[in-house]
Trainee: 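Take this structure, written in structure tokens, and hold onto it; I'll ask about it next.
So you know, we letter chains A, B, ... as the sequences are listed, proteins then strands, and number each from 1.
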Protein chains: 2
Amino acid sequence: MTCYYFAAEKMNKPHKDIDTSTEEKIKKAARIVFHRKGFAGARTRDIAEEAGINLALLNYYFRSKEKLFDIIMLESLKGFMQSMTSVFHNPDTTIFEKVDVMANRYIDLLKEEPEIPLFIMSEMRHHPEKLIAEMKPRQFLMGSAFEQQFKAAVKTGEIKNVKMIHFIMNLLGMLVFPFIATPMLRSMTEMNDESWNSVLEERKKLIPQWIKLMFENH
Amino acid sequence: MTCYYFAAEKMNKPHKDIDTSTEEKIKKAARIVFHRKGFAGARTRDIAEEAGINLALLNYYFRSKEKLFDIIMLESLKGFMQSMTSVFHNPDTTIFEKVDVMANRYIDLLKEEPEIPLFIMSEMRHHPEKLIAEMKPRQFLMGSAFEQQFKAAVKTGEIKNVKMIHFIMNLLGMLVFPFIATPMLRSMTEMNDESWNSVLEERKKLIPQWIKLMFENH
DNA sequence: GTCTATAACGTGATAGAC
DNA sequence: GTCTATCACGTTATAGAC
């Protein structure tokens, strides 16, 4: 525990080794393998190999496969829910501006890590008790700026009188489904990487337009 | 191989034991366990227990876990794709009638077996080589009545000039996503069984309306 | 901290009695 | 056809040298 360590922490600028430290290498490898194969399908040997280290080191740093998994899952969940929550709780944007931000931010996020939604949905199905508590989904909507705006807009007739959950289902469904059904959808139309990418880019603009058409009163 | 057996077959009315035969009991149990836990997470012991039989019998009837899985997966895939394919290849319905049939048929189907979509998507991610060939997704759209109708309708301006894949993504996304994200969605709004069910029923009518709003030119 | 070797355990599959 | 008992193997986890 040297002076340098503290200095780095205070400056909020961890010493450069942090990106290449063994611990970080293992976490990075674990993310890849767990996302691809799920908890049950992943082997600690795969993770060790992916990280370029020995199997024993994995247990040295994280004690068990499950503990390592919990860490990866928590981070993935945070990445997936966090931006969503912050958008929905922002009182300074309108409903449709929120949709616009969501579409752009999420499609970019999921282009980086396309396996995240299916990973989360799968694992949530397989161990619900563990994850439902973790992600606190109630806080996501209940009492949010979005909820208030939605109720108000229904009252004024600005948007149609439909349950809020339909709005969420449609928005998330259109946003996330392509990343869940990728192999099916891509092979249905034999898209190469380029056209798949351009379809995703188009959806950034189209989804907000579609949501307006579905829910706005005119 | 008795006379009765043939008689039953000819009458297309298999003798009553077929529902309760050991083989069928195992398949039924395997469906439940594989759908819930996936291939990697399911244990043959779980399946045997669920079926109320001994582990050895499972191998006696199906030789291996993988062979049993292949049978279950093929049937699930067939159930999931078959109705979709038949709707999309029917030349006697309009585009929007197809959507209507899809919404009603699929929501009913998935209310019966809600785990199917996530099961298929998960396993397709984990062993793509095996499943892509099986489901022949190209035949689903390419050369279908739907494809021809869609192209024609874009030409006449009846529907907007958008790529067909967006239509499919939105329809399937809105239809299937609620069954993929069930635990998240339900806990977000604390829905009980009754209100969850009524939301699904509402969507049978709403999804066709939304699709029209999104894609029809007016 | 990192490795090799090995223990401890869980799981798929089979042998063999009935 | 169905069972109990057991094998064979793969995987997680640990001991112990360096």
Trainee: Would you call the rings of B:F215 and B:F167 parallel, tilted or perpendicular if under 30° counts as parallel and over 60° as perpendicular?
Mentor: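 B:F215 vs B:F167 ring planes: tilted.
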Trainee: In whole angstrom, what separates B:D46's CG from C:dG12's C1'?
Mentor: 13 Å
Trainee: Measure the acute angle between the ring planes of B:H127 and B:F39, then classify it against the limits of 30° and 60° as parallel, tilted or perpendicular.
Mentor: perpendicular
Trainee: Quick check: on DNA chain D, is the nucleotide nearest B:E23 upstream (toward 5') of the one nearest A:R43, or the reverse? Name the residue that is more 5'.
Mentor: B:E23
Trainee: Round to a whole Å and report the spacing from CD1 of A:I47 to C1' of D:dT11.
Mentor: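 Taking atom C1' of D:dT11 as the reference, CD1 of A:I47 is at 12 Å.
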Trainee: Using whole Å, what does the distance between atom P of nucleotide C:dC3 and atom CD1 of A:I53 come to?
Mentor: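 Going from CD1 in A:I53 over to P in C:dC3 covers 7 Å.
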Trainee: For B:I26 and D:dG1, what is the distance between atoms CD1 and C1' respectively, to the nearest whole Å?
Mentor: 11 Å
Trainee: Near B:K28 NZ, under 6.0 Å, is it more than 12 heavy atoms from other residues, nucleotides or ligands?
Mentor: no
Trainee: Are there more than 12 heavy atoms of other residues, nucleotides or ligands under 6.0 Å from atom NZ of A:K130?
Mentor: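 Correct, the count exceeds 12.
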Trainee: Assign the ring pair A:F119 / A:H35 to parallel, tilted or perpendicular, where the plane angle (0 to 90°) is split at 30° and 60°.
Mentor: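 Rings of A:F119 and A:H35: tilted, as their planes differ by 30° to 60°.
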Trainee: Which parts of residues 32-42 of chain A get close to DNA chain D, meaning a heavy atom less than 4.0 angstrom away?
Mentor: A:A42
Trainee: Could you tell me whether A:K98 sits above the aromatic face of A:F88, with NZ or CZ closer than 6.0 angstrom to the six-membered ring centre and within 45 degrees of the axis?
Mentor: no
Trainee: Between the protein and nucleotides 13-18 of chain C, list every N/O to N/O distance that falls short of 3.5 Å.
Mentor:
from, atom 1, to, atom 2, distance (Å)
C:dA13, OP2, B:K65, N, 2.7

Trainee: Passes salt bridge (Lys or Arg N to Asp or Glu O under 4.0 Å), A:E113 versus A:R31? Steps please.
Mentor: CA-CA 10 Å; A:E113 301 200 78; A:R31 210 169 296 129; 5.4 Å; no
Trainee: In whole angstroms, how far is the P atom of D:dG1 from the NZ atom of B:K25?
Mentor: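 Going from NZ in B:K25 over to P in D:dG1 covers 13 Å.
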Trainee: To the nearest Å, how far apart are A:K67 NZ and D:dT14 P?
Mentor: 9 Å
Trainee: Nearest whole Å is fine: how far is D:dG1 C1' from B:L57 CG?
Mentor: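 Taking CG of B:L57 and C1' of D:dG1, I get 7 Å after rounding.
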Trainee: Salt bridge check, B:E202 against A:K163: does any charged N sit closer than 4.0 Å to a carboxylate O?
Mentor: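 Salt bridge: yes.
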Trainee: Using the rule given for salt bridge (Lys or Arg N to Asp or Glu O under 4.0 Å), can you reason through A:E201 versus A:K111, listing the C-alpha separation, both sets of side-chain angles and the distance that settles it, and then say yes or no?
Mentor: CA-CA 10 Å; A:E201 286 298 322; A:K111 276 167 74 173; 2.4 Å; yes
